Number of protein chains: 2
Amino acid sequence: MVRTDIPDIVIGRLPLYLRALNRLQQENLAFTSSHVLGQRLGISSAQIRKDLSLFGEFGKQGTGYHISTLIAELQRILHTDCEWQVALIGVGDLGRALAHYKGFVNRGFRITHLFDNDPAKIGQRIGEFEVLDAAVMEKTIREACIKVAMLSTPGDEAQDVADILVQAGIQAILNYAPITLLVPDGICVQYIDPVIHLQRMVYYLDLPV
Amino acid sequence: MVRTDIPDIVIGRLPLYLRALNRLQQENLAFTSSHVLGQRLGISSAQIRKDLSLFGEFGKQGTGYHISTLIAELQRILHTDCEWQVALIGVGDLGRALAHYKGFVNRGFRITHLFDNDPAKIGQRIGEFEVLDAAVMEKTIREACIKVAMLSTPGDEAQDVADILVQAGIQAILNYAPITLLVPDGICVQYIDPVIHLQRMVYYLDLPV
DNA sequence: TAGATTGTTAATCGATTAACAATC
DNA sequence: TAGATTGTTAATCGATTAACAATC
């Protein structure tokens with residue numbers, strides 16, 4: 001298979017397929033179809049077939065897709081058939097919750113390094129790891145060859161931290177701070193801001209009384 | 001202004017514009033342009049002008065947009081020129097972090113009710129509120145006329161909770177559980193799953209050594 | 001005025017869908 | 001076999017962009 005340019009919007013759907021397939025597998029199903037998958041996800045079956053066909057032929061006419069095979073293929077395609085080390089910067093309430101979250105492992109990620117610049121937090125143990133001084137962040141990340149970071153600092157520190165992360169060789173940043181980061185070309189950034197989602201939804205609601 | 005059908009993808013960008021405008025205002029700027037806004041957000045200036053033009057004429061040739069005026073307009077358009085009460089269901093680590101998060105107020109939302117079904121948590125105080133028994137959730141939400149909920153329960157309870165929320169009159173759900181919810185037409189659901197974002201990004205990364 | 005920027009149009013670009021031959 | 005479902009094509013649909021007259 002020659003990896004030609006795949007639209008990013010397709011890449012964005014693959015993790016959803018993967019999540020739904022894992023769920024089907026938990027339900028002890030062995031095969032599924034683009035139709036079933038589409039119904040679960042609110043996506044048309046044609047779109048699912050087309051998306052998958054960009055990467056190969058994974059299904060069988062009449063039968064559909066073998067779930068565990070397709071899971072393995074999607075993991076390989078997404079590069080989550082291994083475990084990425086993740087650095088977490090900012091150990092406030094949210095950072096702590098992320099550090100304790102059990103849902104990263106088995107989906108390709110493990111938080112292995114925690115950083116903060118608050119002397120009161122440095123040295124604390126959270127889960128199985130110790131909070132490290134943000135002053136050693138660049139060196140530590142570079143030496144551990146970590147490529148993925150999650151950012152849960154206050155908004156006014158996020159850009160400075162991001163600059164250091166880029167210097168340290170980080171290539172993908174999941175940013176929980178409510179600001180748009182400026183990063184060089186080639187660095188991936190994704191954003192999580194619950195308020196953005198809430199605002200988007202209440203547009204469709206009648207004003208409260 | 002007649003509200004004709006606005007594409008949802010446009011609605012999804014308005015909160016980003018709002019967030020960037022608030023930031024510009026914090027920098028003590030009074031006016032901005034589609035060009036500046038676009039550079040900050042990684043969006044073309046033409047798109048910003050076109051999006052805004054769907055709702056009215058907010059700018060001036062040669063001058064651009066008056067920031068505080070545009071903020072007020074966007075808040076009005078999005079229905080965030082008031083404070084929505086939000087119910088939070090599931091008071092684990094993540095729920096606790098959300099309950100403490102200061103970023104909801106001033107952007108149109110306030111968590112006012114916490115629910116859990118764990119007897120050890122019911123009755124606890126978190127911030128200024130007491131954790132209520134999930135058994136009284138439907139009644140409480142209906143009587144308080146709450147329309148917006150955030151769901152941070154474990155995945156295998158999320159669908160059951162969502163069903164109750166819909167019964168209770170909730171119209172918008174922000175779901176942190178890593179499953180797709182099935183809800184009736186007209187109920188808005190948005191999803192936050194950090195792993196989905198991480199998986200999407202590492203597709204673009206070389207495999208780790 | 002001269003420079004800057006809007007709102008809007010038309011063209012381009014890209015994504016989704018319907019349909020169906022192939023085939024398990 | 002008959003029924004089901006894939007992979008793929010062509011058509012449709014929708015979103016983005018380039019360009020510019022209008023005008024502050």
Side-chain angles (χ1 to χ4, degrees), chain A residues 1-17 20-21 24 29-74 77 200 203-204, chain B residues 1-17 20-21 24 29-74 77 200 203-204:
Chain A
M1 186 257 307
V2 176
R3 165 89 70 73
T4 51
D5 61 317
I6 308 285
D8 179 62
I9 197 164
V10 174
I11 303 304
R13 282 191 293 260
L14 300 186
L16 302 175
Y17 300 165
L21 287 162
L24 289 166
L29 296 168
F31 288 86
T32 191
S33 67
S34 60
H35 182 72
V36 167
L37 214 42
Q39 270 206 323
R40 295 258 187 144
L41 290 166
I43 291 178
S44 79
S45 61
Q47 182 155 82
I48 292 172
R49 292 198 302 280
K50 188 155 212 298
D51 285 352
L52 296 177
S53 76
L54 293 172
F55 299 95
E57 304 191 359
F58 305 124
K60 262 192 195 151
Q61 288 100 325
T63 312
Y65 301 92
H66 187 240
I67 292 175
S68 65
T69 305
L70 188 51
I71 287 174
E73 291 286 357
L74 285 174
I77 291 166
R200 180 177 190 159
Y203 168 81
Y204 295 101
Chain B
M1 186 258 307
V2 176
R3 165 91 69 73
T4 51
D5 60 320
I6 307 286
D8 180 62
I9 198 164
V10 174
I11 303 304
R13 282 191 293 262
L14 299 186
L16 301 174
Y17 300 164
L21 286 162
L24 289 166
L29 296 168
F31 288 86
T32 191
S33 67
S34 58
H35 182 74
V36 167
L37 214 43
Q39 270 206 324
R40 296 259 187 143
L41 289 168
I43 290 176
S44 79
S45 63
Q47 181 156 85
I48 291 172
R49 293 199 301 280
K50 188 155 213 300
D51 285 352
L52 295 177
S53 76
L54 293 173
F55 299 95
E57 305 192 357
F58 305 123
K60 259 192 200 152
Q61 286 101 325
T63 312
Y65 300 93
H66 187 241
I67 292 175
S68 64
T69 305
L70 187 52
I71 287 174
E73 292 285 357
L74 286 173
I77 291 166
R200 180 178 190 159
Y203 167 82
Y204 296 100

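Keep in mind that what you see is a predicted model, and the values were worked out from it rather than measured. Below, chain A is the first sequence line, B the second, and so on; all start at residue 1.
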Can you tell me which nucleotide in [options] comes closest to the side chain of [X]?
{"X": "Gln61(B)", "options": "dT5(D), dT8(D), dA22(D)", "value": "dA22(D)"}
{"X": "Glu57(A)", "options": "dG7(C), dT8(D), dT5(C)", "value": "dT8(D)"}
{"X": "Ile9(B)", "options": "dT23(D), dT16(D), dA18(C)", "value": "dT16(D)"}

Which whole-number value in Å describes the distance from [X] [atom1] to [N] [atom2]?
{"X": "Lys50(A)", "N": "dA18(C)", "atom1": "NZ", "atom2": "P", "result": "14 Å"}
{"X": "Ile48(A)", "N": "dG7(D)", "atom1": "CD1", "atom2": "C1'", "result": "14 Å"}
{"X": "Lys60(A)", "N": "dC24(C)", "atom1": "NZ", "atom2": "P", "result": "9 Å"}
{"X": "Asp8(A)", "N": "dT16(C)", "atom1": "CG", "atom2": "P", "result": "12 Å"}
{"X": "Asp51(B)", "N": "dT16(D)", "atom1": "CG", "atom2": "P", "result": "7 Å"}
{"X": "Leu52(B)", "N": "dG7(C)", "atom1": "CG", "atom2": "P", "result": "7 Å"}
{"X": "Gln47(A)", "N": "dG14(C)", "atom1": "CD", "atom2": "P", "result": "17 Å"}
{"X": "Arg49(B)", "N": "dC24(D)", "atom1": "CZ", "atom2": "C1'", "result": "15 Å"}

Contact summary for [X] and [Y], nearest pair of heavy atoms:
{"X": "His66(B)", "Y": "Ala30(B)", "answer": "CD2-O, 3.5 Å"}
{"X": "Gln47(A)", "Y": "Tyr17(A)", "answer": "O-OH, 4.2 Å"}
{"X": "Leu29(A)", "Y": "Ile67(A)", "answer": "O-CD1, 3.6 Å"}
{"X": "Ile9(A)", "Y": "Arg200(B)", "answer": "CA-NH2, 4.3 Å"}
{"X": "Leu52(A)", "Y": "Phe58(A)", "answer": "O-CE1, 3.6 Å"}
{"X": "Ala20(B)", "Y": "Leu37(B)", "answer": "CB-CD1, 3.9 Å"}

Using Watson-Crick pairs (N1 to N3, plus N6-O4 or O6-N4) and G-U wobble pairs, both distances under 3.5 Å, which stems of at least 3 pairs involve DNA chain D? C:3-24 with D:3-24
With a 3.5 Å cut-off and no angle check, do the side chains of Asp8(A) and Tyr203(B) form a donor-acceptor pair? no
I need the residues from residues 34-42 of chain A with at least one non-hydrogen atom less than 4.0 Å from DNA chain C; give them sorted by number, or say none. none
dG7(D) OP1/OP2 closer than 4.0 Å to side-chain N/O of Tyr65(A): yes
With a 4.0 Å limit, can you tell me whether Ser44(A) has a side-chain N or O closer than that to the phosphate oxygens OP1/OP2 of dT17(C)? yes
As an exercise, state the distance from CG of Leu16(B) to CD1 of Ile43(B), rounded to the nearest 0.5 Å. 6.0 Å
